[in-house]
Chemist: 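Before we start, here is the structure in question, set down as structure tokens.
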Amino acid sequence: MYHIGIIGYGGMGGWHAEQLQSMPDFDLTGIYDINPQKLEKAAEKGIAGYSTLDEILNDSIIQTVILAVPNNFHKELSIAALRAGKNVICEKPVMLNSCDFEEVIKVSEETGRLFSVHQNRRWDKDFLMVKKVLEDGTIGKPFYIESLVQGSKGVPGDWRCVKESGGGMLLDWGVHLIDQIMWLVKSPVTEVYAHLLSVKFKGVDDNFKLMMRFENGLSALVEVDTYTFINLPRWHVSGDSGTLQIDDFLCTGKILKANTIEMKWDEGIVYTTAGPTRTMAPRPKESIEELALPQIESDARDYYRNFRDADLNGSELAVKPEQALRVMRVIDAVFESAQKKQSITLHL
Ligand code: NAD
């Protein structure tokens with residue numbers, strides 16, 4: 001049995017609790033939340049509560065604590081938990097900037113405790129489909145990846161709207177999408193250029209577009225919108241022999257690629273009111289092949305299993321601190337790009 005405690009029993013703490021309770025070889029030993037009402041809520045579900053931080057950190061049964069608190073508390077609680085001898089799974093974004101995270105990594109090294117970040121969207125089916133298509137070479141060499149998440153409800157009106165709490169969409173969804181892209185593209189990031197907008201919430205970015213360039217020549221667009229009423233596809237990936245599109249989290253979509261039938265340029269010219277176009281006219285149907293998206297099985301609970309195995313058996317950690325640090329350094333550069341209104345060159 002692997003014993004885990006959770007600090008912060010809000011939306012994500014509740015999710016972690018359900019995941020842990022669904023795995024027979026894990027024990028959700030208890031939770032701590034600064035808000036006593038949350039302890040009552042946990043008790044209703046039969047989950048034990050600790051009334052102070054010291055109490056949960058000093059419970060010797062607990063091997064690992066999960067930190068599911070607002071972003072600005074990640075640093076102090078990570079350090080407190082590591083110093084108390086606990087391994088730590090920290091929610092994303094791991095910290096508000098890379099300097100803070102470097103301090104925490106040092107404490108993790110000093111104490112010899114394991115540290116990982118819950119980058120659970122590496123287990124998302126849509127992401128794993130893109131990864132498989134690229135690894136299989138189905139659309140040839142990719143040159144452009146668009147990864148977008150879009151909603152129209154704005155930013156939840158909680159700490160996510162407050163800059164000092166680590167609010168804003170770059171740190172919220174952006175960190176997932178950047179982590180995914182950097183996991184997908186095995187090449188250093190060499191340039192970022194970002195527009196961060198505050199459309200409805202003045203203190204934080206509630207919409208952003210980020211261009212990333214990689215050393216291997218690939219470019220990526222990462223976009224998060226919270227006030228868009230007509231969504232673009234979740235993924236649109238261009239390779240030199242085809243295109244992949246995934247529409248949404250339900251993972252509908254398709255792959256289209258050129259087949260061996262030669263295309264005739266003079267057929268299918270489109271006449272617009274302003275003139276004809278051959279370049280932007282659709283390809284003749286017989287010159288295209290449509291493929292179904294690959295079938296993917298994924299269990300996001302493998303994240304916890306991997307962490308436990310890394311702790312008990314020394315197996316390789318799936319989400320390593322150095323990977324999260326690289327992502328944080330890119331995020332630092334994205335904030336800098338938005339602030340200076342210019343692109344930032346880097347080599348990460
Ligand atoms: P939330 O506001 O729903 O819950 C936060 C909880 O932490 C609250 O119950 C609050 O009382 C408690 N809390 C606040 N300060 C505390 C402190 N100092 N000590 C103990 N408890 C404290 O927020 P949430 O949506 O659950 O987000 C929590 C974290 O999880 C954030 O870092 C967020 O980015 C992350 N998150 C991750 C994912 C994911 O997919 N990985 C999804 C949602 C949220």
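One-based numbering, in listed order, for ligands and for the atoms of each.
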Chemist: Identify, with sequence neighbours excluded, every residue that meets side chain to side chain contact (heavy atoms under 4.5 Å, CB included) alongside Arg113.
Modeler: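 With neighbours one apart ignored, the set is Leu82, Asn87, Thr111.
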
Chemist: Run the ring pair (Phe, Tyr, Trp, His ring centres under 6.0 Å) test against His236 and tell me which residues pass, sequence neighbours left out.
Modeler: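 With neighbours one apart ignored, the set is empty.
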
Chemist: Do Phe249 and Leu128 share a hydrophobic cluster, counting only Ile, Leu, Val, Met, Phe, Trp and Tyr and linking them when any side-chain heavy atoms are less than 4.5 Å apart?
Modeler: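 Yes, because Phe249 and Leu128 connect within a single hydrophobic cluster, where side-chain heavy atoms sit under 4.5 Å apart.
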
Chemist: Side chains of Asn35 and Tyr9: does their closest heavy-atom pair fall under 4.5 Å?
Modeler: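 Asn35 does not reach Tyr9 side chain to side chain.
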
Chemist: Looking at Lys38, which atoms of ligand 1 are within less than 4.0 Å of one of its heavy atoms?
Modeler: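 That gives atoms 8 (C), 9 (O) of ligand 1.
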
Chemist: Can you sort out which atoms of ligand 1 are near Gly10, meaning under 4.0 Å from one of its heavy atoms?
Modeler: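 With Gly10 as reference, the close atoms of ligand 1 come out as 3 (O), 4 (O), 6 (C), 9 (O), 26 (O).
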
Chemist: Can you tell me the protein heavy atom closest to atom 37 (C) of ligand 1 and the distance?
Modeler: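 Protein heavy atom with the smallest distance to atom 37 (C) of ligand 1: Glu91 OE1, 3.0 Å.
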
Chemist: Using distance alone, determine whether Ile7 and ligand 1 share an N or O pair under 3.5 Å.
Modeler: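 Between Ile7 and ligand 1 (N or O atoms, distance only) the closest approach is not under 3.5 Å.
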
Chemist: Is the shortest N/O to N/O distance between Asp158 and ligand 1 below 3.5 Å?
Modeler: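 No, Asp158 has no N/O under 3.5 Å of an N/O on ligand 1.
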
Chemist: Applying a 4.0 Å heavy-atom criterion (strictly less than), which segment of Arg160 is in contact with ligand 1: side chain, backbone, both, or neither?
Modeler: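 The answer is the side chain of Arg160.
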
Chemist: Quick check on contacts: which atoms of ligand 1 are under 4.0 angstrom from a heavy atom of Lys92?
Modeler: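 Taking each heavy atom of Lys92 in turn, ligand 1 has 32 (O), 33 (C), 34 (O), 35 (C), 36 (N), 37 (C), 38 (C), 39 (C), 41 (N) under 4.0 Å.
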
Chemist: According to a 4.5 Å side-chain heavy-atom criterion applied to Ile, Leu, Val, Met, Phe, Trp and Tyr, with indirect links allowed, do Ile178 and Met211 form part of one hydrophobic cluster?
Modeler: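 No, no single cluster joins them.
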
Chemist: Is the ring centre of Phe115 less than 6.0 Å from the ring centre of Phe101?
Modeler: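 When the ring centroids of Phe115 and Phe101 are compared, they turn out to be within the sub-6.0 Å range.
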
Chemist: Starting from atom 3 (O) of ligand 1, find the nearest protein heavy-atom neighbour and note its residue, name and distance.
Modeler: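 Answer for atom 3 (O) of ligand 1: Gly11 N, 2.9 Å.
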
Chemist: Counting only heavy atoms, which portion of Val69 has something under 4.0 Å from ligand 1: side chain, backbone, both, or neither?
Modeler: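 Contact part for Val69 vs ligand 1: both backbone and side chain.
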
Chemist: Can you name the atoms of ligand 1, numbered from 1 with element, that are less than 4.0 Å from a heavy atom of Phe73?
Modeler: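 Those qualifying, in numeric order: 15 (N), 18 (N).
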
Chemist: From atom 10 (C) of ligand 1, work out which of Asp33, Leu77, Val175, Ile56 has a heavy atom at the shortest distance.
Modeler: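 Checking each option, the heavy atom nearest atom 10 (C) of ligand 1 is found in Asp33.
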
Chemist: Going by the closest heavy atom to atom 16 (C) of ligand 1, which one wins out of Val94, Ile34, Ile31?
Modeler: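 Heavy atom nearest to atom 16 (C) of ligand 1 belongs to Ile34.
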
Chemist: Using a 4.0 Å heavy-atom cut-off, which part of Gln119 comes near ligand 1: side chain, backbone, both, or neither?
Modeler: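 No part of Gln119 comes within reach of ligand 1.
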
Chemist: Counting only heavy atoms not in Glu110, do more than 12 sit closer than 6.0 Å to its CD atom?
Modeler: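 Yes, CD of Glu110 has more than 12 neighbouring heavy atoms, counting only those of other groups under 6.0 Å.
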
Chemist: Closest by any non-hydrogen atom to atom 41 (N) of ligand 1: pick that one out of Ile66, Leu67, Asn120, Asp172.
Modeler: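 The nearest heavy atom belongs to Asn120.
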
Chemist: Would you mind checking which non-hydrogen protein atom is closest to atom 32 (O) of ligand 1, with the distance to 0.1 Å?
Modeler: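 Going atom by atom, the protein heavy atom closest to atom 32 (O) of ligand 1 ends up being Asn71 OD1, 2.6 Å.
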
Chemist: Mark up the atoms of ligand 1 that fall under 4.0 Å of a heavy atom belonging to His176, in ascending order.
Modeler: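 Answer, ordered by atom number: 39 (C), 40 (O), 41 (N).
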
Chemist: Apply side chain to side chain contact (heavy atoms under 4.5 Å, CB included) to residues Tyr2 and Thr64 and explain how you reach the verdict.
Modeler: CA-CA 8 Å; Tyr2 195 68; Thr64 291; 2.7 Å; yes

Chemist: Between His118 and ligand 1, find which residue part has any heavy-atom pair under 4.0 Å and reply side chain, backbone, both or neither.
Modeler: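 Both backbone and side chain of His118 come within 4.0 Å of ligand 1.
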
Chemist: If the cut-off is 4.0 Å to any non-hydrogen atom of His74, which atoms of ligand 1 fall inside it?
Modeler: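 Near His74, meaning under 4.0 Å from one of its heavy atoms, ligand 1 has 32 (O).
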
Chemist: Looking at non-hydrogen atoms alone, which of Gly13, Pro70, Ser165 comes nearest to atom 5 (C) of ligand 1?
Modeler: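 Among Gly13, Pro70, Ser165, the closest heavy atom to atom 5 (C) of ligand 1 comes from Pro70.
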
Chemist: Working to the nearest 0.5 Å, report the span between CG of Leu244 and CD1 of Ile255.
Modeler: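 Answer for the CG-CD1 pair, Leu244 versus Ile255, is 5.5 Å.
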
Chemist: State which residue, out of Trp123, Tyr303, Phe307, Trp15, fulfils the ring-ring contact (aromatic ring centres under 6.0 Å, His included) condition with His118.
Modeler: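 That would be Tyr303.
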
Chemist: Counting only N and O atoms by type, is there a donor-acceptor contact under 3.5 Å from the side chain of Lys254 to the main-chain atoms of Glu290?
Modeler: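 No: the side chain of Lys254 does not pair with the backbone of Glu290.
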
Chemist: Which ligand 1 atoms are under 4.0 Å away from a heavy-atom of Gly8?
Modeler: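 Listed by number with element: 7 (O).
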
Chemist: Is it the case that more than 12 heavy atoms not belonging to Met1 sit under 6.0 Å from its CE atom?
Modeler: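 Above 12, so yes.
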
Chemist: Would you mind running through ligand 1 and noting each atom that sits below 4.0 Å from a heavy atom of Asn35?
Modeler: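 Within the 4.0 Å cut-off of Asn35, ligand 1 contributes 11 (O).
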
Chemist: Determine whether His74 and Asp100 make a side-chain contact, defined as any pair of heavy atoms from C-beta on separated by less than 4.5 Å.
Modeler: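 No, every pair of side-chain atoms sits at 4.5 Å or beyond.
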
Chemist: How does Met12 reach ligand 1, by side chain, by backbone, by both or by neither, if only non-hydrogen atoms under 4.0 Å count?
Modeler: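 Met12 to ligand 1: contacts from backbone and side chain alike.
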
Chemist: State whether the number of non-hydrogen atoms from other residues, nucleotides or ligands found under 6.0 Å of Lys153 atom NZ is greater than 12.
Modeler: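 Counting other residues, nucleotides and ligands, NZ of Lys153 stays at 12 neighbours or fewer.
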
Chemist: Of the listed options (Tyr303, Trp15, Trp159), which comes nearest to atom 2 (O) of ligand 1 when hydrogens are ignored and any heavy atom counts?
Modeler: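 Nearest heavy atom to atom 2 (O) of ligand 1 lies in Trp159.
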
